[in-house]
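Take a look at the structure below.
Scope of the values below: all heavy atoms of this structure, side chains included, with no hydrogens, waters or symmetry mates. Each ligand, and each atom within it, is numbered from 1 in the order the structure gives. Worth saying up front: this structure is predicted, and the values here are computed from it rather than measured.
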Amino acid sequence: MTRIFDALKKSEASRQGAGLPAPSVTPMPSPVPHVAAGARPMGAVRASAEPFRSPVPLVGGLDLNEDVIREMTALRVSVESVLQGPMRSVLFVSPQGGEGTTTVALQFAQVLARDSSIRPMMLDAHVRRPAYSVDPSQRMAMLDPRLSGKNAAASVVPNLFALPPSEELLRGGVFQPAALRQLLDTATAGFDWVLLDGPPVLESPDSASLASQVDGVILVVQAGRTKRPVLTRAADLLRKAGARVLGSVLNRRVLEIPEFIYRRI
Ligand SMILES: Nc1ncnc2c1ncn2[C@@H]1O[C@H](COP(=O)(O)OP(=O)(O)O)[C@@H](O)[C@H]1O
Ligand SMILES: [Mg+2]
């Protein structure tokens, strides 16, 4: 199986006069290395902003490979060119569940975390199907073992913190806009990238309301599954809610010719 995706520029540029640069990046493939182990302390984790938890180190990232790193680095550059504040909040969502939101958001976060000058955190905003949970000691965030890479499963991802949903959010099953505002104002202090892993746009009303409160939104779309009208409907819903849709990532694209040839075209 390959983990293949494209970072594609999309949409909003014409509407808002800004956006991710055009896809000079052509389709890129992906094999699979991994993230090293070993926690790197990042100073004191901020005191809890009740009723929410504080971000904690993340255990069990994904196995990365060179192509993922290259694509996500290109995506970072694109987002940075559009969002220039000292703290960027970016929501990753898909039109439907299972398209790869959690995977792509985490790949992006892990690639950011490789740069020691950056302080990224993941905020799990999918309260009906969270990908992160806290361990019994409450001092670590654990990625859902179904997702974590074989090589990264037992390791702390250096320089990456995560905030699983609080019990309160899990009980309520809804991520109210006020709750996100409070989180963005408090628990995220000290981080310069806040990456939200959100629920599917067409399946949860939370998505649009979360989208309206972050700096930008990236739509993750599974290649060969989601049809253009579905993608358009999701993007329209987000825009109507006031979101700034920065672009889309095509996940799980399958190359029809061998990768080494593809790269030379
Ligand atoms: N590029 C990829 N290559 C291989 N498997 C993938 C890829 N993206 C997602 N998956 C797998 O697909 C399933 C759904 O992905 P996930 O990121 O949880 O989607 P979502 O968050 O949109 O529901 C998971 O089992 C995940 O490991
Ligand atoms: Mg998910």
**Request:** Please say whether Arg252 places an N or O atom under 3.5 Å from an N or O atom belonging to ligand 1.
**Result:** yes
**Prompt:** So which bit of Val220 gets within less than 4.0 Å of ligand 1, heavy atoms only: side chain, backbone, both or neither?
**Reply:** neither
**Asked** By residue and atom, what protein N/O/S atoms are less than 2.8 Å from the Mg ion (ligand 2)?
**Response** Thr102 OG1
**Fill in**
Near Asn251 (heavy-atom distance under 4.0 Å), the atoms of ligand 1 are 1 (N), 2 (C), 7 (C), 8 (N), 9 (C)
**Prompt:** How does Asp197 reach ligand 1, by side chain, by backbone, by both or by neither, if only non-hydrogen atoms under 4.0 Å count?
**Reply:** neither
**Asked** Hey, which atoms in ligand 1 end up nearer than 4.0 Å to a heavy atom of Thr101?
**Response** 17 (O), 19 (O), 20 (P), 21 (O), 22 (O)
**Prompt:** Is a side-chain N or O of Arg252 found less than 3.5 angstrom from the main chain of Ala223, in a donor-acceptor match?
**Reply:** no
**Basic-acidic side-chain contact under 4.0 Å: Arg76, Asp115** = yes
**Prompt:** With respect to atom 17 (O) of ligand 1, which of Leu106, Thr103, Val93, Leu62 exhibits the smallest heavy-atom separation?
**Reply:** Thr103
**Where ligand 1 meets Leu147 - atom numbers and elements under 4.0 angstrom, heavy-atom basis** = 18 (O), 24 (C), 26 (C), 27 (O)
**Fill in**
Applying salt bridge (Lys or Arg N to Asp or Glu O under 4.0 Å) to Arg181 and not counting sequence neighbours gives Asp185
**Main-chain N/O of Lys150 paired to Asp63 side chain as donor or acceptor, under 3.5 Å** = yes
**Message:** Checking the N or O distance criterion of under 3.5 Å, is ligand 1 in contact with Gly97?
**Reply:** no
**Request:** Can you label the angle between the Phe92 ring and the Phe108 ring as parallel, tilted or perpendicular, going by 30° and 60°?
**Result:** tilted
**Item:** Cluster check Val174, Leu123: I/L/V/M/F/W/Y, side chain < 4.5 angstrom
**Value:** no
**Any side-chain heavy-atom pair of Phe191 and Pro120 under 4.5 Å** = no
**Prompt:** Are Arg233 and Asp236 ion-paired here, with the side-chain N under 4.0 Å from a carboxylate O?
**Reply:** no
**Prompt:** Side chain of Asn159, backbone of Ile118: donor and acceptor closer than 3.5 Å?
**Reply:** yes
**Asked** What closest approach, in Å, do Pro158 and Ala113 show between heavy atoms, and which atom pair accounts for it?
**Response** O-CB, 3.6 Å
